[in-house]
Amino acid sequence: MSGIVGILNQDGAPVDPALLARMTRFMTFRGPDAQQVWVDGNVGFGHTLLRTTEESREKHQPFTLDGLVWIVADARVDARSDLMAKLAACREHVQSGMTDVELLLRSYRAWGTDCVERLLGDFTFAIWDRPRRRLFCARDHLGVRPFFYAHLGQTVVFSNTLDCIREHPMVSDKLNDSAIADFLLFDLNQEPTTTSFADIHRIPPAHRATWSADGSAMTRYWTLPIDEPTFFRQADDYTDRFKELLEQAVSDRLRTNKIAIFMSGGLDSPTLAATALRILRSRSSDGQVRAFTTLIDGLDQNERYYAGVVAERLGIPIHFRDRSPKTIDPRWNRTAVHTPEPVSDPRNLAGDREQYGTVAAHSRVLFYGEGPDNALLYEWRPYLSYLVRTGKFGRLAADISGHMISHRRIPLLTTIPRSLKNWAKQPEHISFPRWFNETFETRTRLRERWENREKPPPLSPSHPIRPVAYRSFQTPLWEALFRCMDPDQTGAPLETRHPFLDLRMLRYLLSVPALPWCRAKYLERRAMRDALPAAVLRRQKSPLTGDPSWEAARSLGLPPMYPHPTLAEYVNFDRVPKDVGSNVVLFRLNFRPLALKFWLHNLRRKTLRISKEELDNELVRKSAW
């Protein structure tokens, strides 16, 4: 997760090299291995390098092939051999061991701004095309890598580090009321193009942007496709395809001989650990996988045992972080931990950063197993409706039979009563919070936002067999997940990779029939039956038996809500509940003013830049004291 930054003065004014160098140095925590700056008149790029692949030892950025077109990127390009073959067909020179940044630049030379439509991987990059006087920027399909920018007058400033942009003197500290309102109401900014700062925006996932003499433009280049269901003749064909795609996804993200993995005692992360270990051992004898597991005894349903069984079966070391004695830091409100944007629960930020530092000491690459819980959601209703609607009655009979054999039960007999019970249960009603500043509430139309929170989204394509799973990949929750694992927030030079979110794998998981493959993630369990312990394969989904943050708050109470001048613009202190209450959902809602106050208290204000004469006077004054 290297650092990138750039400045473009569209009025032709020269870029200040000292300013760009300072902004580049600011990102040393992202890229401690090398820092480099390039300036060409009114445009300049900066880069800080984090080496995570063998070929990255030869990587130097900003990069050019001809001195005319320059690129700066934070990228991992997947399916490299396929991309090289396409580039070779366009008469671009390619060779084994070529760096990702060179592949990106050659893709731009071959296909222009359409190059992103031919890329796979996690990337964020900017290209300055001097002949066309055009700045071209893009972000990967799901938004794993961030891209922030500020367009102020004739100046464009961009970076994958939000606080780095704030170092530019033209960028103000003014907050974005709409984003703050969304945080207080929903935990998350609902607008993918904005941030918590009024001057700073983001390129949404799967979008590209250009700035040139013709103006600026931003367009979507990709939408998650809706594929026809995948039907195979043999059951083993489904698992064979899963293992083939898993091999590709893990291998593409495994261009190093040492990785860490956040491993639970469930199914997804052990699947990644087993696959990564097998691939590493096939390459060399020094490949290493180390597991890191967080425990909360009493709430995690014996996670220590199941994760330990996996580690023992695979023969890998495991590091347990036991949060049982202190599920939250009792002094959390007196710690100085800054995050670029507010987080919903800052009470363990210090401990989490310590954990990420421990992980980074072992490896600069971390695997994370999120994805199958969404993509393999057991949506039997739309699948059966699809089969009946399309007249696939033979397939219907075969899948019901397969379900009975695989799960040893008649499908839906237990599901339907549970569904009827859930349908009859009234949804929990939470009233609009009464602690908002009335002026802020009126100006941002908060009640209207609140009342519309459960309305269906605008018309969008509906997946024929997995509509809920498909929609789940369009939510801002993924942006929040990637953000919380970004070095901006963890403070560690660590790159998190998500093999299950590989686009090839994701599309396949969304296309497999719900019966029998999605019930309890049967597809994954069957595929891993020779690689993981039977106890883990038989274990059902095991969420925490309670909410540790709420339980801790009930035990320790809440800190006093002292007035804060900026927070007062949004919140009426006197109306924020002083106790935890008896409802966890209501507690989370009423805790957000405290979370926002914590962020505001630790917010880095813009550095005061003073002249040399003023600095000399300041030094004289201090020496006299």
Side-chain angles (χ1 to χ4, degrees), residues 122 124 139-148 162 176 178-196 202-207 220 222-224 262 264 266 268-269 339-346 348-349 352 366 368-379 427-428 430 449-450 452-458 460-463 466-486 488-490 496-503 505-506 509-510 521 541 543-544 547-549 584-585 588-589 591-592 595-596 599:
D122 302 334
T124 186
R139 189 178 178 197
D140 64 70
H141 306 74
L142 296 179
V144 176
R145 306 286 172 99
F147 193 107
F148 304 100
L162 189 150
N176 175 6
S178 181
I180 300 300
D182 279 351
F183 173 77
L184 290 170
L185 284 175
F186 313 118
D187 269 355
L188 299 170
N189 181 3
Q190 304 295 301
E191 174 50 59
T193 64
T194 67
T195 72
S196 298
R202 72 180 90 229
I203 294 181
H207 278 68
R220 173 181 284 275
W222 178 87
T223 299
L224 183 59
F262 278 165
S264 70
D268 303 332
S269 50
T339 57
E341 299 193 80
V343 296
S344 58
D345 192 344
N348 273 311
L349 283 175
D352 289 345
L366 171 69
Y368 196 68
E370 199 68 34
D373 283 347
N374 292 70
L376 289 177
L377 194 64
Y378 182 41
E379 298 183 72
E428 190 172 17
I430 299 296
R449 292 183 188 217
W450 180 260
N452 291 335
R453 69 191 186 280
E454 294 181 354
K455 289 186 178 180
S460 59
S462 179
H463 200 286
R466 206 74 54 68
V468 177
Y470 180 84
R471 281 199 307 273
S472 74
F473 289 98
Q474 324 294 323
T475 72
L477 291 172
W478 295 101
E479 181 90 35
L481 171 68
F482 302 142
R483 184 183 68 188
C484 78
M485 307 187 82
D486 187 87
D488 233 0
Q489 184 156 315
T490 66
T496 305
R497 298 176 180 173
H498 308 265
F500 283 123
L501 298 182
D502 183 282
L503 300 185
M505 170 64 81
L506 189 56
L509 295 181
L510 288 171
K521 294 187 284 194
K541 181 71 175 175
L544 295 175
D547 187 296
S549 64
V584 64
V585 177
R588 290 173 181 162
L589 175 63
F591 184 79
R592 289 172 202 155
L596 181 61
W599 179 69

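Starting from 1, each residue takes its place in the sequence as its number. When reading the values below, keep in mind they use all heavy atoms of this one structure, side chains included, and skip hydrogens, waters and symmetry mates.
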How long is the straight-line distance from [atom2] of [Y] back to [atom1] of [X], given to the nearest 0.5 Å?
X	Y	atom1	atom2	value
Leu188	Glu341	CG	CD	10.5 Å
Asp268	Tyr368	CG	OH	10.0 Å
Phe473	His141	CZ	NE2	15.0 Å
Asp122	Asp502	CG	CG	9.0 Å
Leu481	Asp486	CG	CG	11.0 Å
Ile203	Thr124	CD1	OG1	6.5 Å

One thing to verify: whether [Y] and [X] come together as a salt bridge, which I'm taking to mean a side-chain N less than 4.0 angstrom from a carboxylate O.
X	Y	result
Arg483	Asp488	no
Arg588	Asp345	no
Glu479	Arg139	yes

Which atom of [X] lies closest to which atom of [Y], heavy atoms considered:
X	Y	answer
Ala375	Leu506	CB-CD1, 4.0 Å
Ala469	Asn374	CB-O, 3.1 Å
Lys521	Pro372	CD-CB, 3.9 Å
Arg449	Ala181	NH1-CB, 3.9 Å
Val468	Glu379	N-OE1, 2.9 Å
Leu589	Trp450	CD2-CH2, 4.0 Å

Between [Y] and [X], is there a side-chain heavy-atom distance shorter than 4.5 Å?
X	Y	value
Leu142	Trp222	yes
Thr496	Phe262	no
Trp599	Ile180	yes

List the steps and the verdict of side-chain contact (heavy atoms from CB on, under 4.5 Å) for Leu224 and Leu510. CA-CA 10 Å; Leu224 183 59; Leu510 288 171; 3.8 Å; yes
Checking the side chain of [X] only, and the main-chain atoms of [Y] only, is there a donor and an acceptor separated by less than 3.5 Å?
X	Y	result
Arg202	Thr194	yes
Asn176	Thr195	yes
Arg592	Leu185	yes
Ser196	Ala179	no
Asp182	Gln190	yes
Ser269	Ser264	yes
Trp478	Ser472	yes

Residues in side chain to side chain donor-acceptor pair (under 3.5 Å) contact with Thr339, at least two apart in sequence or another chain: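 In terms of side chain to side chain donor-acceptor pair (under 3.5 Å), with neighbours along the sequence ignored, Thr339 is linked to no residue.
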What residue among Asp352, Val144, Leu366 forms side chain to side chain contact (heavy atoms under 4.5 Å, CB included) with Met485?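 That would be Leu366.
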Evaluate Phe147 against His207 for ring pair (Phe, Tyr, Trp, His ring centres under 6.0 Å), listing each step before the verdict. CA-CA 10 Å; Phe147 193 107; His207 278 68; over 10 Å; no
Please identify each residue that fulfils ring-ring contact (aromatic ring centres under 6.0 Å, His included) with His463, with sequence neighbours left out.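 Here the qualifying residues are Tyr470.
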